Asker: 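My questions will all concern the structure given below.
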Amino acid sequence: MSINYSERIPNNVNLANDRSLQRALEHWQPRFLDWWKEMGPKDFGSADVYLRTATGVDAQGWATYGTVKMPDYRWGIFLADPIADRSIGFGDHYGEPAWQQVPGELRSQFRRIIVTQGDTEPASVEQQHLLGLTCPSLYDLRNLFQVNVEEGRHLWAMVYLLHAYFGRDGREEAEELLARHSGDIDKPRILGTFNEPISDWLSFFMFTYFTDRDGKFQLKSLAESGFDPLARTCRFMLTEEAHHMFVGETGVGRVVRRTLEVMKELGTDDPQAVRSQGAIDLPTIQRYMNFWFTSSLDLFGSEISSNAASSFASGIKGRPDEGQYPDHVCTDATFEVDGPQGAETVNLRNAMNEVMRGAYIKDCEIGVKRWNMQIKRAGADFELKLPSARFHRTIGAWARAPTDPSGQPIAQEEYDRRLPEWLPSEADRSFVHSLMQRVVEPGRMAGWIAPPDRGINNLAVDYEYVKLA
Ligand code: BYC
């Protein structure tokens, strides 16, 4: 299905024939642009950026690449093609036809989940507001902006659903999505991780690896939804999301590679020696990983959740790749959940957040394995490890329960004392910040990161991906 670009809001939902929806979205558009100018990438509004833009919704050939000024990016509304006769794939309505409208009794639950999803998208753009000023290369700067414009489009995707299916409440919620701000004391973003500052590029790569991957799993579970427009929207968002995680995985991998080079040159793994050469020592990379991984684990909610059970039962939110499971109704199945008081057996429906978190952790391990292969090949004696899902949690059964990174419960006093070994300390952060110097000559990389293996869309690494005004 192709996208109609001739309209003010590019779309494949036949907006031209729905006057009142068109009016609502055209009213919201200038507010979005004002938000982008104020909260989006600082200082790059007139730069020419080599970006991909969605121009179709087929998995193949869905995007075109070209040079764009970010405020002129064609944000729009694109749903994956409908699946003929799609039926609901899980829960109490299993096998019934998918809904084309929101069932009245599920309205507030659907609205809440769409608002929560929508809230994360502009939040991440806000978190990354200043990063462009300290880019390690033009290649990375372009990737940052690609991620930013697509998060902006994901906001559009949720706002479309709110405007099209939730009437006046939906329009009010859409305004609120631009009124809350990441880290704002009075009006923060809804979920914890999206209020954490991303003020250095190591955090950005960790965020795109770990937090965007939460996005992948949440979108996959919403792509199973019984509400078909939500499912189709999320299916298309997943196409864009893959690049964001690629930026994270290769970003961390390139930082590790550069560190290994410096360790080899120096003939030592001493963190201070590595730092003195302007690279980031592996233990610091581990601490950043501990922080962003555990913060992202919180995004799945509590291990035992009646909200999750009710979302599953009523057909709102399934499991990622629901088709892989033999039982889609799960009324009698149970699941063992780990808690500080010991294991507890609960109804599987109440453990859906934990099922998703488990699948997410497995997916996180793939990249960590690749980074460790690089370390091993370089002959260094170090292994990056994902900490236990019990460690450093603020949501769920293990919230504020002191454990070490392996998940062993410890005394609060020991936890407080040893935290700088496990999470980035002020000194770590100020060291990493000290490396954040802007590099904008085509092809050149900052000293703390190795070049990528290849450029974007078959272009050379030294292509001028961003032409600064
Ligand atoms: N921080 O029963 P509970 C992405 C709230 S990332 C603060 O434990 P439930 C992206 C929860 O809202 C994907 N509050 O869990 C990535 C509830 O509050 P109310 C984002 C939290 O209800 C990078 C209460 O605690 N998508 O796309 O099953 C860049 C009890 O909740 C947190 C989604 O999250 C937290 N971490 O909620 C850009 C999908 N966790 O309602 C984008 C939509 C829980 O009692 N959201 N709470 O006031 C959902 O499916 C669910 O809301 C949750 C779990 C997954 C968050």
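First listed ligand is number 1; within each ligand, the first listed atom is number 1. When reading the values below, keep in mind they use all heavy atoms of this one structure, side chains included, and skip hydrogens, waters and symmetry mates. All figures in this text were calculated on a predicted structure; none of them were measured in a lab.
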Asker: As an exercise, identify every atom of ligand 1 less than 4.0 angstrom from a heavy atom of E151.
Answerer: 29 (C), 38 (C)
Asker: Looking at E365 and K369, is any side-chain nitrogen of the basic one under 4.0 Å from a carboxylate oxygen of the acidic one?
Answerer: no
Asker: Is ligand 1 less than 4.0 angstrom away from at least one heavy atom of F194?
Answerer: yes
Asker: When R254 is tested against each of D140, T259, D453 for side-chain hydrogen bond (donor to acceptor under 3.5 Å, both in side chains), which residue passes?
Answerer: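 Result for side-chain hydrogen bond (donor to acceptor under 3.5 Å, both in side chains) with R254: D140.
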Asker: Would you say atom 5 (C) of ligand 1 has a protein heavy atom nearer than 4.0 Å?
Answerer: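 Protein heavy atoms within 4.0 Å of atom 5 (C) of ligand 1 - there are none.
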Asker: With a 4.0 Å heavy-atom cut-off (strictly under), which part of R112 contacts ligand 1: side chain, backbone, both or neither?
Answerer: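 Under 4.0 Å from ligand 1, R112 contributes side-chain atoms alone.
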Asker: In terms of residue, atom name and distance, what is the protein heavy atom nearest to atom 14 (N) of ligand 1?
Answerer: L191 CD2, 3.9 Å
Asker: Looking at F291, I'd like to know if the NZ or CZ of R429 sits under 6.0 Å from its six-membered ring centre while staying within 45 degrees of the ring's axis.
Answerer: yes
Asker: With the threshold set strictly below 4.0 angstrom, can you tell me whether any protein non-hydrogen atom sits that near atom 24 (C) of ligand 1?
Answerer: no
Asker: So for atom CD, which belongs to Q341, do other residues, nucleotides or ligands contribute more than 12 heavy atoms lying within a distance under 6.0 Å?
Answerer: no
Asker: Do any non-hydrogen protein atoms sit less than 4.0 Å from atom 36 (N) of ligand 1?
Answerer: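 Yes, at least one protein heavy atom sits under 4.0 Å from atom 36 (N) of ligand 1.
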Asker: Report the part of S124 (side chain from C-beta onward, or backbone N, CA, C, O) that has a heavy atom under 4.0 Å from ligand 1; answer both or neither where that applies.
Answerer: side chain
Asker: Looking at atom 48 (O) of ligand 1, is any protein heavy atom nearer than 4.0 Å to it?
Answerer: no
Asker: Take atom CD in E38; do more than 12 heavy atoms of anything else shown fall under 6.0 Å from it?
Answerer: no
Asker: Yes or no: does I190 have any heavy atom under 4.0 Å from an atom of ligand 1?
Answerer: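 I190 counts as a contact of ligand 1 under the 4.0 Å cut-off.
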Asker: Heavy-atom pairs closer than 4.0 Å: do any link ligand 1 to the side chain of T116, the backbone, both, or neither?
Answerer: side chain
Asker: So which protein heavy atom does atom 51 (C) of ligand 1 come closest to, and at what separation?
Answerer: K317 NZ, 4.1 Å
Asker: Quick test: of every protein heavy atom, which one is nearest to atom 16 (C) of ligand 1, and how far off is it to 0.1 Å?
Answerer: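 Of the protein heavy atoms, T211 O, 3.4 Å lies nearest.
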